[in-house]
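Read the numbers this way: they start at 1 and go in the same order the structure lists the ligands and their atoms. All values reported here derive from a predicted model rather than from experimental measurement.
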Amino acid sequence: MYDYVIVGAGSAGCVLANRLTANPNTKVLLLEAGGRDWNPFIHMPAGLSRLVNHKAINWNYQTAPQSQLNNRCLYWPRGKVLGGSSSINAMCYIRGQAQDYDRWQELGNPGWGYRDVLPYFLKSEDNGRGADNYHAVGGPLSVSDLRHTNKLSHAFIKAGRQLGFPENPDFNAARQEGFGFYQVTQREGRRCSAATGFLDPVKGRDNLTVLLRAQALALLWDGQRIRGIRYHHNGRDVEVEAGEVLLSGGAINSPQLLMLSGIGPGQHLHEHAIDVHLDLPGVGANLQDHLDICILQKSSKPVTYDQPNEIAIGLNYWLTHAGVGSSNVAEAGAFIASELATDGRPDIQLHFVPAQLDDHGRNRLPGYGYTIHACYLRPHSRGEIRLQSTDPRQPPHIDPRYLDDQQDIDAMLAAARIAREVMATPAFSDFRGPELLPGNECRNDEQLLEFIRRKAETIYHPVGTCKMGSDDMAVVDHQLKVHGLEGVRVVDASIMPELVSGNTNAPTIMFAEKVADHLINNSAIHHADAA
Ligand SMILES: Cc1cc2nc3c(=O)[nH]c(=O)nc-3n(C[C@H](O)[C@H](O)[C@H](O)COP(=O)(O)OP(=O)(O)OC[C@H]3O[C@@H](n4cnc5c(N)ncnc54)[C@H](O)[C@@H]3O)c2cc1C
């Protein structure tokens with residue numbers, strides 16, 4: 001019997017395990033479907049290109065055919081290893097915009113406004129620049145400046161200035177807009193995943209049991225209460241009792257597990273002959289993601305990361321934890337308000353990569369080049385996760401319905417146009433070769449849209465499939481408890497009612513900090529305005 005069973009040792013699960021076991025009287029079991037994070041490419045930041053479709057540490061999901069993207073099935077990597085997706089991600093540390101959280105509060109989630117959540121971002125953080133109004137030191141999550149940056153990333157920031165955008169040294173302070181280097185989740189040049197930051201320091205605690213290659217199969221019922229979980233480990237199915245089960249399997253797996261346990265849209269569960277314990281129509285609905293388009297320019301000089309001397313880089317890295325090996329590759333970025341952003345808030349994010357990036361880096365191109373990723377930050381299209389089998393080992397049906405909403409099409413066009421303008425600035429004159437993607441023959445919006453339909457991919461931020469709220473489609477309340485049920489919460493990226501305007505790792509870590517605090521202090525979720 002455990003006080004808590006946590007499903008998934010990813011960005012959220014590792015935080016929960018750390019915080020909840022600080023009290024030696026609280027017994028916690030952490031189940032992780034993947035294995036140990038021993039792979040050295042996890043820890044050397046530039047090794048991320050080796051992880052994106054690694055068979056053993058990645059769920060390697062595929063979406064359903066996307067009707068607005070020429071019926072392509074898009075590749076969706078997700079971490080299946082200690083640290084979850086934080087062990088394979090690009091390490092960009094971004095919180096989003098204050099208005100994102102204020103909007104969640106307006107949607108009926110007291111205690112989730114920006115003033116309420118900022119303390120929990122700070123609680124996690126150990127920022128290499130020191131503490132100020134927006135940053136803190138001493139937390140388990142190390143946030144640093146990059147130790148190595150490419151000259152093309154500097155050219156990218158100069159390009160922003162030439163277009164009249166401000167330079168922004170800190171996207172997580174008062175103003176998000178502008179061009180700058182990302183701060184990264186690294187400690188002394190090594191990746192700081194949720195596992196290395198939160199789990200490693202506490203794994204010796206007697207009250208914490210971590211089971212690897214242990215996949216949760218279904219929640220166990222006791223009337224209207226969840227009493228524990230069934231999981232598969234070492235070739236057999238095991239049942240364990242818990243005071244509370246915390247689902248942190250991520251935006252794809254958490255709704256899948258709920259549905260397999262009889263919690264979800266009744267009609268859909270009937271179709272799979274699953275007993276409906278709780279008809280919750282929102283489970284798996286409200287899927288949102290950042291769709292991304294890459295503009296790729298050939299470089300006239302061999303200054304990019306395309307043809308690395310891997311042995312020299314690796315040796316230098318293991319000796320110094322610096323140099324190219326310490327780069328997260330997506331070194332610089334920008335937040336821009338397009339002409340469609342009537343409220344003036346940035347609605348476009350750029351990630352600059354001083355290498356040729358096509359098909360998640362799986363298509364290695366000859367020669368040298370550089371890439372701007374461009375995405376629309378607040379998409380209107382909504383998709384869903386559905387079961388395609390009652391076997392928990394089979395992937396669910398993933399349908400993000402990208403570009404279902406015309407506003408998303410218009411915004412993606414604006415994003416692609418801005419990225420091309422950046423590429424065309426004098427800042428890149430010394431390096432500019434021909435445009436490879438979309439290529440000079442792409443001259444008008446019709447052609448640009450055809451290019452987007454042919455080439456757009458995910459930038460890895462699926463969220464929203466167990467959304468927090470109080471309306472009919474909400475799955476969890478503002479304390480992240482599943483509506484209508486005792487004994488189970490969802491604590492991961494799936495609880496976002498609306499996608500944040502930025503990357504999703506730091507917000508997910510923040511949710512876990514906030515809920516852990518609530519569980520430890522047995523308090524109501526704190527609401528700053530009421531304090
Ligand atoms: C390639 C890539 C690049 C990214 N780049 C960035 C970036 O630069 N910056 C950023 O902020 N965000 C980035 N993200 C997104 C960010 O990492 C995720 O949003 C975040 O990690 C999600 O956290 P989570 O806790 O919801 O899920 P995850 O971290 O994915 O954790 C879920 C964990 O649960 C485990 N699990 C699932 N089902 C079960 C089960 N049934 N039983 C047991 N265990 C289970 C999984 O194996 C996994 O370890 C990136 C993501 C990817 C994939």
TODO: Check whether the ring centres of H518 and Y120 lie less than 6.0 Å apart, and answer yes or no.
DONE: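 Ring centroids of H518 and Y120 are no less than 6.0 Å from each other.
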Open item on the list: Centroid separation under 6.0 Å, is that true for the rings of F121 and H135?
Closed with: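 Between F121 and H135, which both carry aromatic rings, the centre distance is not below 6.0 Å.
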Within ligand 1, which atoms have a heavy atom of [X] less than 4.0 Å away?
| X | result |
| --- | --- |
| I88 | 1 (C), 53 (C) |
| L31 | 43 (C), 44 (N) |
| R78 | 18 (C), 19 (O), 53 (C) |
| N253 | 37 (C), 38 (N) |
| G79 | 46 (C), 47 (O), 48 (C), 49 (O) |
| S86 | 21 (O) |
| G8 | 33 (C), 34 (O), 35 (C), 44 (N) |
| G84 | 29 (O), 31 (O), 48 (C), 49 (O) |

Distance-only N or O hit between ligand 1 and [X], under 3.5 Å:
| X | answer |
| --- | --- |
| A12 | yes |
| G34 | no |
| K80 | no |
| I459 | no |

When you look for heavy atoms under 4.0 Å from ligand 1, do you find them on the side chain of [X], its backbone, both, or neither?
| X | value |
| --- | --- |
| S254 | neither |
| V81 | backbone |
| W59 | side chain |
| N505 | both |
| N89 | both |
| S494 | neither |

Salt bridge or not between [X] and [Y]? Use side-chain N to carboxylate O under 4.0 Å.
| X | Y | result |
| --- | --- | --- |
| E457 | R362 | no |
| K514 | D116 | no |
| D145 | R129 | yes |
| R378 | E498 | no |

- [ ] Check whether more than 12 heavy atoms from other residues, nucleotides or ligands sit under 6.0 Å from atom CD of E188, and answer yes or no.
- [x]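 No, not enclosed.
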Considering only protein heavy atoms, which is closest to [atom], and at what distance to one decimal place?
| atom | value |
| --- | --- |
| atom 10 (C) of ligand 1 | N503 CB, 3.2 Å |
| atom 26 (O) of ligand 1 | A493 N, 3.0 Å |
| atom 41 (N) of ligand 1 | A216 O, 3.2 Å |
| atom 45 (C) of ligand 1 | A33 CB, 3.8 Å |
| atom 8 (O) of ligand 1 | C92 N, 3.0 Å |
| atom 28 (P) of ligand 1 | S85 N, 3.6 Å |
| atom 47 (O) of ligand 1 | E32 OE2, 2.6 Å |
| atom 24 (P) of ligand 1 | T508 CG2, 3.8 Å |

Who's closest to [atom] heavy-atom-wise, of [options]?
| atom | options | result |
| --- | --- | --- |
| atom 27 (O) of ligand 1 | G250, A512, G502 | G250 |
| atom 33 (C) of ligand 1 | G13, S248, S87 | S248 |
| atom 23 (O) of ligand 1 | S193, A90, S11 | S11 |

Quiz question: by atom type and distance under 3.5 Å, do the side chains of [X] and [Y] form a donor-acceptor pair?
| X | Y | result |
| --- | --- | --- |
| H277 | S261 | no |
| S153 | E331 | yes |
| Q183 | N127 | yes |
| D3 | T26 | no |
| H461 | D289 | no |
| H351 | N503 | yes |

TODO: Could you tell me which non-hydrogen atom of Q97 sits nearest to which non-hydrogen atom of R345, and how far apart they are?
DONE: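 Heavy-atom minimum between the residues: OE1-NE, 2.7 Å.
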TODO: Kindly say whether Q356 contributes a backbone atom to a donor-acceptor pair with the side chain of D306 at under 3.5 angstrom?
DONE: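 Pair found, side chain donor or acceptor close to backbone of Q356.
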TODO: Check the pair N253 / Y61 against side chain to side chain donor-acceptor pair (under 3.5 Å), numbers first and verdict last.
DONE: CA-CA 11 Å; N253 298 46; Y61 287 123; 2.9 Å; yes
- [ ] Examine ligand 1 and decide if any of its atoms is less than 4.0 Å from a heavy atom belonging to A194.
- [x]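 In this structure, A194 fails to qualify as a contact of ligand 1 - no heavy atom is under 4.0 Å.
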Open item on the list: Is V7 close enough to touch ligand 1? Criterion: a residue heavy atom under 4.0 Å from a ligand atom.
Closed with: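 Checking ligand 1 against V7, which is what was asked, there is a heavy-atom contact under 4.0 Å.
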Open item on the list: Let's go through Y460 and H360 carefully: what are the C-alpha distance in whole Å and the side-chain angles of both, what is the deciding distance for side chain to side chain donor-acceptor pair (under 3.5 Å) to 0.1 Å, and is it a yes or a no?
Closed with: CA-CA 10 Å; Y460 320 117; H360 308 272; 2.8 Å; yes
Open item on the list: R19: which residues meet the salt bridge (charged side-chain N to carboxylate O under 4.0 Å, His left out) condition with it, sequence neighbours left out?
Closed with: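 With neighbours one apart ignored, the set is E513.
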